[in-house]
There are 2 protein chains.
Amino acid sequence: MKTVSIDEAREREARISAIELRDLARPELDALEALMRERIRSSAPLIPELSEYMIFSGGKQLRALITILCAKMSNYSGKEHIRLAAAVEFLHNATLLHDDVVDEGDMRRGRATARGIWGNPASVLVGDFLLGRAFEMMVASGSMEALRVLSRAAALIAEGEVMQLAILGDVEAGEEQYFRVIETKTATLFSAAASVGGIVANCNAREVESLRVYGHNLGIAFQLVDDALDYGGESARLGKWVGNDFLQGKVTLPILLAFSRGNDDEKNFWRDKLAAQQRGTEDLSTAMSLVEKHDVLPKVLEKAKEYGTIAHDSLASFEGKYADALRGAVRFATDRKH
Amino acid sequence: MKTVSIDEAREREARISAIELRDLARPELDALEALMRERIRSSAPLIPELSEYMIFSGGKQLRALITILCAKMSNYSGKEHIRLAAAVEFLHNATLLHDDVVDEGDMRRGRATARGIWGNPASVLVGDFLLGRAFEMMVASGSMEALRVLSRAAALIAEGEVMQLAILGDVEAGEEQYFRVIETKTATLFSAAASVGGIVANCNAREVESLRVYGHNLGIAFQLVDDALDYGGESARLGKWVGNDFLQGKVTLPILLAFSRGNDDEKNFWRDKLAAQQRGTEDLSTAMSLVEKHDVLPKVLEKAKEYGTIAHDSLASFEGKYADALRGAVRFATDRKH
């Protein structure tokens, strides 16, 4: 009897790197790229120019990859998963374009943001264009259920962003509110990306629910790591501005933990500085030293691993290389250094 | 034999005012309002607050009304036209929110813009929320064909806005380019609004095409009148800033006509001023006097009436009070003073 021990399985999953993940779906990713290039065409030249810069700038296309792998894992042999994956990726990039306008962000993925090059108006409008095209592709996929999931996701993501805006500068917002924000603004698209992969493959309700749980928890883990990396990791080396969140007054878990563990002086520092109109580099140094003093980043990453474990275990009933890859993606999301 | 003479019919249509139009669809408009109020609810309080300010601020809801009347005219007796009308209205309001961010507009419908009160970030994100909700309602309506038309419209509208951005300040863009912009950014939603009213009522392809032609031409007429009113009419009295388009460097038909009829000095004025970073009130006075000197507004309004006539005549095969109302809406759109 040939069985695979848990250790062997873990070992195999751990070997799956981001590159291997992509290699596994190479034909689909090529089709995805071709479709996206075709769907950013427009008689307004600014649209393909800005979209190309945004979409093909070394982004990991992790959400699109999740849709593709979930469909493949569910033995889907059609073509509609490519369209849904492209819709997911367009939706994500529209959100990024609008986020950079909202945050007045100047750098993304180590390069100038689109709004830094083409300005806010172009970023708002091309974001809207990508949203429209995303919906066109969802409609073309022909699945009403996928449309339901993705249109709901589009509204929820915006809701999460508004919630985040509402607690901007409010260090006493609390962990519960923080988790609501990241569940809504980030985990929603991960769970939708996973679900529609199963939906297009005609999975049953129980399987789709497993995929939803997978995406939801992977999304939370992903955002937790993102928020930790903003205070450390290799981000600086890669051109991502460490401390961006603090400078923007964004209340994330590292701050919430440092705040709750701080003495009165420290608590006042966080309260005053986050509520202020602006924060300087000296404030950032203080913030970083407090985050380090209270050793909060390992706590945040530990929390990310907890969600990652739930995501990993939610795929227990799935087997094969695609299931291994999706489980491996959890490790990739939680172990990444940037 | 009881026939209605053309004059009698014209007379009857002319009597239909905006208020009568709305009275004819009173139960539907009440249902529309209830649905929209329900669909702007959110756990983020800023969303209903800003949306309510935007949607229920005395806007004419003309596009939603067109969907409703087209469905009624086609003997539709279900409820899904309300959902589609609400989707159309949400889509429209999302566009307005983003437009005001793009134009840095401070006044709309005689009041401060949402971005003036809540800022650009909130306007971008609540616009995205309304877009998401619009798609949710389209999906809930259950009509794939309506979804196809409306998702295509969403992408096209953004494309039109980008085209407009591209010719900003370029007085030599030409009439052809101008008409492409207004067809894409404005007429698209009018034609989609009319089409989906017929689609939900199971009209045949020929009827839906008539409705599309109606909406398309009504939309062009509407935008031409809008662009003329920016240089005159009763806009000033109603708090709309006359000259807004000029101050923003927007190249509309009044300017294109004044430019083409101008002498060399005048042509240079238009070229220089529109290409400049900013225009002052003195420049605006000059612009207004040139528009008046060359008597271009009557030309623009005449053009609007031509498109209005095409819209009117496209409904030739439809009869009854709803058809009369839709034909009357053309007059309302072209005769309005603000």
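The figures here come from the full heavy-atom set of this structure, side chains too, leaving out hydrogens, waters and symmetry mates. Letters go in sequence order (proteins before strands), and every chain restarts at 1.
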Quick one: which of [options] has the most heavy-atom pairs under 4.5 Å with chain B, could you say?
options	answer
A/Ser151, A/Ala166, A/Gly160, A/Gly142	A/Ser151
A/Ala153, A/Ala154, A/Ala155	A/Ala155
A/Arg133, A/Arg148, A/Met144	A/Met144

ask   = So, A/Arg37 and A/Glu52, do they make that salt bridge, N to O below 4.0 Å?
value =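 Yes, charged N to carboxylate O under 4.0 Å.
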
task = Output yes when B/Lys250 and B/Asp230 qualify as a salt bridge under the 4.0 Å nitrogen-oxygen rule, no when they do not.
result =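 Salt bridge absent between B/Lys250 and B/Asp230.
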
inquiry  = As an exercise: rank B/Ser123, B/Gly127, B/Ala134, B/Pro121 by heavy-atom pairs under 4.5 Å with chain A and give me the winner.
reply    =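 Sorted descending by pairs with chain A, the first entry is B/Pro121.
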
Closest approach of A/Ala44 to A/Ser42 (non-hydrogen atoms, all atoms of both residues) =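 Nearest pair, atom of A/Ala44 first, then A/Ser42: N-OG, 2.9 Å.
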
Least distance between heavy atoms, A/Leu91 atom then A/Leu189 atom =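 What the structure gives for the nearest pair is CD2-CD1, 3.9 Å.
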
Proximal component of A/Leu131, with respect to chain B [non-hydrogen, under 4.5 Å] =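 For A/Leu131, side-chain heavy atoms alone lie under 4.5 Å from chain B.
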
Heavy-atom distance under 4.5 Å to chain A: side chain of [X], backbone, both or neither?
X	result
B/Ala122	both
B/Leu165	side chain
B/Thr184	neither

side-chain contact (heavy atoms from CB on, under 4.5 Å) partner of B/Phe90, the single match among B/Glu136, B/Met138, B/Arg39 =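 Among the candidates, only B/Arg39 passes.
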
message = My understanding is that only one of A/Glu161, A/Glu159, A/Arg180 makes a side-chain contact (heavy atoms from CB on, under 4.5 Å) with A/Lys185; could you say which?
response =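 It is A/Glu161; the other options fail the test.
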
